[in-house]
Amino acid sequence: QVQLVESGGGLAQAGGSLRLACETSARTFSTYFMGWFRRASGKEREFVAGISWSGNNMYTADSVKGRFTISRDNAKNTLYLDMNSLKSEDTAVYYCAANRFEPYEVQNSQRYDYWGQGTQVTVSS
């Protein structure tokens, strides 16, 4: 069983920045495909970004492209999401997710086997 624990959420002003982290218990973290999703109140969970085990393949949703950056440190078993130029519409609970292999559809949350408990990000305008 892989455990994922997110941190770094909180309150930020519009235009500001936050860095989310996701620590994992996986001994083979370096081989997992990792992703970030978010769910705003009253909305469906949506894909934010994904990264392959090597970091060579990265995927970013159009809604955050140019503002959010996904990265990973395999030596620390940790996934990151750097969020800049935050907007009020970025307010959501952010979840990290893991899958043993790169999903055929990285944006599809059903392709991921493991999930964290989520961390709240609130952006005030």
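In this text the structure is predicted, and so the values were computed from the model without any measurement.
In terms of heavy atoms, Ser71 sits closest to Leu79 at O-CD1, 3.3 Å. Annotation for Ser125 and Ser88: closest pair CB-CB, 4.4 Å, computed over non-hydrogen atoms. Nearest heavy-atom pair, Lys76 versus Thr78, reported as atom, atom and distance to 0.1 Å: O-OG1, 2.8 Å. Contact between Leu86 and Ala12 at its shortest, heavy atoms only, is CD1-CB, 3.8 Å. Considering every non-hydrogen atom in both Glu6 and Cys96, the closest pair reads OE2-N, 2.9 Å.
Both Tyr114 and Leu81 belong to a common hydrophobic cluster when Ile, Leu, Val, Met, Phe, Trp and Tyr are linked at side-chain heavy-atom distances under 4.5 angstrom. A continuous path of ILVMFWY side-chain contacts below 4.5 Å connects Leu20 to Leu4, so both sit in one hydrophobic cluster. In the hydrophobic cluster analysis, where Ile, Leu, Val, Met, Phe, Trp and Tyr join through side-chain heavy atoms closer than 4.5 angstrom, Trp53 is grouped apart from Met58. The hydrophobic clustering, which links ILVMFWY residues whose side-chain heavy atoms are closer than 4.5 Å, places Ile70 and Phe47 apart.
Between the OG atom of Ser63 and the CD atom of Glu89 there is a distance of 9.0 Å, given to the nearest 0.5 Å. Atoms CD and OG, on Glu23 and Ser25 in that order, are 10.5 Å from each other to the nearest 0.5 Å. The line from OG1 of Thr24 to CG of Asn77 is 4.5 Å long, rounded to the nearest 0.5 Å.
Between Phe68 and Tyr94, the ring planes lie tilted relative to each other; the angle falls in the 30° to 60° range. A perpendicular orientation is assigned to the rings of Tyr112 and Phe37, their planes being inclined by more than 60° (bins at 30° and 60°).
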Side chain to side chain contact (heavy atoms under 4.5 Å, CB included) between Arg67 and Asp90, intermediate numbers included: CA-CA 11 Å; Arg67 300 187 298 120; Asp90 295 321; 2.7 Å; yes

Side chain to side chain contact (heavy atoms under 4.5 Å, CB included) evaluation trace for Cys22 with Trp36: CA-CA 9 Å; Cys22 173; Trp36 285 102; 3.8 Å; yes

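With respect to Asp62 and Lys65, a salt bridge is recorded, a charged nitrogen being found less than 4.0 Å from a carboxylate O. Using a 4.0 Å cut-off between charged nitrogen and carboxylate oxygen, Glu44 and Arg39 do not count as a salt-bridge pair.
Using a 4.5 Å heavy-atom threshold, the side chains of Pro103 and Phe33 count as touching. Side chains of Asn74 and Phe29 form a contact here, defined as non-hydrogen atoms less than 4.5 Å apart. Glu102 has its side chain within reach of Asn57: a pair of non-hydrogen atoms, C-beta onward, lies under 4.5 Å apart. Looking only at side-chain heavy atoms (C-beta outward), Asn99 and Met34 stay at 4.5 Å or farther from each other. Residues Gln120 and Leu11 fail the side-chain proximity criterion, which asks for heavy atoms closer than 4.5 Å. Between Arg38 and Val64 the shortest side-chain heavy-atom distance falls below 4.5 Å. Considering only heavy atoms from C-beta on, Leu18 comes within 4.5 Å of Val121 through its side chain. Val93 is not listed as a side-chain neighbour of Thr119, based on a closest heavy-atom distance of 4.5 Å or more.
For the pair Arg19 and Tyr80, the cation-pi test (distance below 6.0 Å, angle within 45°) is passed. Cation-pi contact between Arg111 and Phe101: absent, since separation from the ring centre below 6.0 Å together with deviation from the ring axis within 45° is not met. With a 6.0 Å cutoff to the six-membered ring centre and a 45° limit on the axis angle, Arg45 counts as a cation-pi contact of Trp115.
Looking at Asn84 and Ser17, their side chains do bring a donor and an acceptor atom within 3.5 Å of each other. In this model, a donor atom of one side chain and an acceptor atom of the other lie less than 3.5 Å apart for Arg100 and Tyr32.
At distances below 3.5 Å, not a single donor-acceptor pair connects side-chain atoms of Asn108 with backbone N or O atoms of Glu105.
In Gln117, the CD atom is crowded: over 12 heavy atoms of neighbouring residues, nucleotides or ligands sit closer than 6.0 Å.
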